[in-house]
Amino acid sequence: MSTGTAGQQQFRYTQTPSKVLHLRNLPWECAEEELVELCKPFGKIVNTKCNVGANRNQAFVEFTDLNQAISMVSYYASSSEPAQVRGKTVYIQYSNRQEIVNNKSSGDVAGNVLLVTIEGVEPGDVSIDVIHLVFSTFGFVHKIATFEKAAGFQALIQFSTPEIASGARNALDGRSIPRYLLPEHITSCNLRISFSAHTDLNIKFQSHRSRDYTNPYLPVNPSAIEGTSQSAVGPDGKRKEPESNVLLASIENMQYAVTVDVLHTVFSAFGTVQKIAIFEKNGGMQALIQYPDVLTASVAKNSLEGHCIYDGGYCKLHLTYSRHTDLNVKAHSDKSRDYTIPDTGILVSPVAPTAWQNNPPATPDFTAAQGPVPNAQMPAWDPSRPIFGVPTSGAYPGQTSMLHSTPQYAATGAPAVSPHASHLISQYGMQPNAPPSSSQPPLYYQ
DNA sequence: AGCACA
């Protein structure tokens, strides 16, 4: 029987002295300067690490030599006044390490990679697609790696620049993933965000744990792919259709025309749309939407299922995987489009499918659609009606305005969600510590 | 109020 000698618990009065001190119960966002003010009477500080721990209220301070650290600990051990920062008592003890490692001297240097701790959830509760959706609001997400640690479920999220990462951190730190993106049993799910020292994550597979959105050809880990969406058997025990790169969309409550172009706009938010076909079935309208790969399709399916193309519950999407893998459609008709064929008057994505990239507004596919594509479908639109729930600036609801006013997928009983949407940015416009304002529209992140 | 990014 082992008694676990490796885990010798050290009590404070038997703790080995170290020139590194561990400070806890620090005030919110305690700055390095405040730590230096507190500690410098006892010696010279050569390194610090701030905003440590899940609450970011701990820090480490390293003195040049051990005696300085001992003098500080001894002083406060016998002092009638506790150590304080901003009037808050700070608890000090020797660190169980002898030096601060891996610190770029400030402890909180802005980098392009964020370390996100998702509190209050099991790893299965928050899919990597949801994480991608949330963080894509701030810019193109290059890579995501998720893992479990003692701290909980964590993710490393790689952006292009520290500036974009900072924007995401400032907007989201301490806030929650929108409830409607979480399983119903989750009540709170706070994000704790700091900067990682990484600059480029090394992603080996597209899987339920990790993604590289810059490399659509990265192999998919076959054992992991089922974690990206529903498994073959649903929660009710019914068999689900196998995953496919082609989605079958049924459109309910179709009060407004849903054209190929509209579908292209909606589904392009998740990756390159290769082909679209629209047809009637049982008096309703259905469409097939082809992506280059299954993962993109599953992201789109998970994100759009049950959502409406237009505000007011109109044109509700119901998505399943099609049995097709490659549609055979007319390159350019009012019921179908093949975006992979050049010289149809429609610009196609010039390179191989960029399935893991955002389609920024005014992507070539789209701007081209205004010109060569006949406007024959347009009169089907009621010009007085908002498009995607966003009023158009002009009376004529041109395609461009649809793109520039980001589509909102208004779901019944849930706020509109729009992937990669710039409109969400306004939701993060508040100060990190500002209380939720009742005068604002409902906040998606609280 | 209790130790640092897999």
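First the proteins, then the strands, lettered A, B, ... as listed; each starts at 1.
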Rounding to a whole Å, what distance do you find between [X]:[atom1] and [N]:[atom2]?
X	N	atom1	atom2	value
Ile157(A)	dA6(B)	CD1	C1'	14 Å
Leu115(A)	dA4(B)	CG	C1'	11 Å
Arg192(A)	dA6(B)	CZ	C1'	21 Å
Gln98(A)	dC3(B)	CD	C1'	13 Å
Phe60(A)	dC3(B)	CZ	C1'	4 Å
Ile100(A)	dA4(B)	CD1	P	13 Å
Gln93(A)	dA4(B)	CD	P	12 Å
Phe153(A)	dA6(B)	CZ	C1'	12 Å

When you check the side-chain N and O atoms of Gln290(A) and Asp326(A), is any donor under 3.5 Å from an acceptor?
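Yes, a side-chain donor-acceptor pair sits under 3.5 Å.
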
Distance-only side-chain donor-acceptor flag, Ser244(A) / His324(A), under 3.5 Å:
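Their side chains do not contain a donor-acceptor pair, so the 3.5 Å distance test is not met.
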
Examine Phe42(A) together with Tyr75(A) and report whether their ring centres are nearer than 6.0 Å.
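They qualify: ring centres under 6.0 Å apart.
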
Could you check Lys88(A) against Gly53(A) and say which one's nearest nucleotide on DNA chain B is further toward the 5' end?
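Its nearest nucleotide lies further toward 5', so the answer is Lys88(A).
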
Is any side-chain N or O of Ser95(A) under 3.5 Å from a base N or O of dA4(B), one able to act as donor and the other as acceptor?
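Checked by distance alone, the answer is yes.
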
Which residue pairs satisfy the salt bridge (Lys or Arg N to Asp or Glu O under 4.0 Å) criterion with at least one member in residues 189-205 of chain A, sequence neighbours excluded?
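Counting only pairs at least two positions apart or across chains, the salt bridge (Lys or Arg N to Asp or Glu O under 4.0 Å) contacts touching residues 189-205 of chain A are Glu119(A)-Arg192(A), Lys143(A)-Asp200(A).
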
With a 4.0 Å cut-off on heavy atoms, is Glu62(A) in touch with a base, just the backbone sugar-phosphate, or nothing at all?
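Glu62(A): no heavy atom of the nucleic acid under 4.0 Å.
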
Taking Lys19(A) first and then Glu99(A), would you say they form a salt bridge - that is, a charged N and a carboxylate O separated by under 4.0 Å?
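Salt bridge between Lys19(A) and Glu99(A), a charged N being under 4.0 Å from a carboxylate O: no.
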
Below the 4.0 Å mark, does dC3(B) have OP1 or OP2 next to a side-chain nitrogen or oxygen of Arg24(A)?
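False: Arg24(A) side-chain N/O out of range (4.0 Å or more) of dC3(B) OP1/OP2.
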
Can you tell me if the side-chain N/O atoms of Gln58(A) get under 4.0 Å from OP1 or OP2 in dG2(B)?
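Result: yes.
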
Of all the nucleotides listed (dC3(B), dA4(B), dA6(B)), which has the minimum atom distance to the side chain of Val52(A)?
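Of the candidates, dA4(B) comes closest.
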
Counting side-chain heavy atoms from CB outward, which of dA6(B), dA4(B), dA1(B) is closest to His198(A)?
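Nearest to the side-chain atoms of His198(A), counting from C-beta on, is dA6(B).
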
